[in-house]
Amino acid sequence: MSENRDRLIERAGIGLLAIGGLLVLVAVVFGVLIAIGVGDESADPQQPGPAAGEPGGPTLRALAGPRRLLVGAAVPVEALKGDASYARTLAREYNALTPENAMKWDTIHPERNRYDFAPADSIVRFARAHDMAVRGHTLVWYRQVPSWVTDRSWTRPELEQVLHDHIRRVVGHYRGKIAQWDVVNEAFDSEGKLRDSIWMRVIGPEYIDLAFRWAHEADPDAKLFYNDYDLEFPGAKARAVMAFVRDLQRRGVPIDGVGIQAHELTVRPPSRKELQSALRGYAGLGLDVGITELDVGIYLPTSAAKLDEQAAVYSDVLDACLAVSRCGSFVTWGFTDKYSWIPSELPGFGDALPFDANYAPKPAFTALRRGLARGHP
Ligand code: XIL
């Protein structure tokens, strides 16, 4: 938790200094977008009219479908139960989802001999009922690993066995139902070194190869992704991950794609050029790429100007993805400010998603809809 958090706070600090300049930039970008008259907001006559409080006009999924783009959101299982507005908005706007926590070790494999598939199953059922693709998240990470794994001293063969059993069982359980798996998540730290974890300590760097190979055996049709943050910011980490992924390919490890998480802050967003060149870099290796966890935290309190800055960031990330044909998924980390990890992860920041806590669309939503309607900028 803390490293990700420190990194975001550090970015926020630098960003606050630059906020004046950025505001000007955002205003200019917006001015240009308005001046060129982007988007056609006319309602699709095929669609039934919106209910009170719902955005009129085409849905995100109606616009993304013809582009063969997965437009998705991370889903906490609690929200799907007992919040009808949540489920309605999710199914209306998105053609993909990622279980936010339900497929992580601590939920799905709480004890060595016990798997709990119920929460993830309910999310996958919802997805299938509403014709949505599922991104599986995640098989190997350093966080949300249960204490039965972390608080024991394992020999290397023992821990490999545990990891193999987990991957075979979880991937096998959802075989044929998962479009993309985040096989390994955040294996690199902010300096570009393979980060410390139980997997690194006991198995060593080879845990990554093994995880991909075992996932491929368990579901040969699922697209297997490496997923991480800050890959859009040029620097040691972005370089290290790029080199590592090339090496995986060279050694014949079955990797299909790279997910750029894109947890952004309005105070220091990546430029569209940076985003695009990161996506292009991986696409150039012959890999699929995707935006997998986009959110754009606002330094509270929110204002109309900050919502517009936020919309500009959403728009830039979407445009970067639309400009790269291998960018097949655009997933936000939630969709409503009612359920978002940002306020608890980064106190002082919030309102990071395209819908407010009452499911009213924010400028960010309108920007996404415009971007999808317009297509490749
Ligand atoms: C976050 C969830 O949103 C929180 O509910 C949970 O407490 C911690 O994990 N990178 C990832 C995601 O890959 O799995 C994280 O999700 C956010 C950062």
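Here, residue 1 is the first one in the sequence, and each next residue gets the next number. Every number for a ligand or one of its atoms is a count from 1 in the order of the listing.
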Look at the aromatic rings of Y226 and F188 and report parallel, tilted or perpendicular, splitting at 30° and 60°.
perpendicular

The answer for which part of N101 has a heavy atom under 4.0 Å from ligand 1 is side chain

Check: of E293, K104, R143, E345, min heavy-atom distance to atom 1 (C) of ligand 1 comes from K104

So the salt bridge (charged side-chain N to carboxylate O under 4.0 Å, His left out) pairs with at least one residue in residues 161-175 (sequence neighbours excluded) are D165-R168

Atoms of ligand 1 under 4.0 Å from any heavy atom of E100, numbered from 1 in the order shown, are 2 (C), 3 (O), 4 (C), 5 (O)

Per-atom filter on ligand 1: closer than 4.0 angstrom to a heavy atom of W141 are 9 (O), 14 (O), 15 (C)

Per-atom filter on ligand 1: closer than 4.0 angstrom to a heavy atom of N185 are 11 (C), 13 (O)

**Report entry** Basic-acidic side-chain contact under 4.0 Å: D356, K362
**Finding:** no

| field | Any side-chain donor near an acceptor of the partner, Y314 and D316, under 3.5 Å | value | no

Contacts of R68 meeting salt bridge (Lys or Arg N to Asp or Glu O under 4.0 Å) (sequence neighbours excluded), chain-then-number -> none

For H137, the atoms of ligand 1 under 4.0 Å from one of its heavy atoms are 11 (C), 12 (C), 13 (O), 14 (O)

In ligand 1, the atoms that come under 4.0 Å of a heavy atom of E186 are 10 (N), 11 (C), 13 (O), 18 (C)

So, does Y229 sit close enough to ligand 1 that a heavy atom of it is under 4.0 Å from the ligand?
-> no

Identify whether the distance between the nearest side-chain nitrogen and carboxylate oxygen of K237 and D230 falls below 4.0 Å.
no

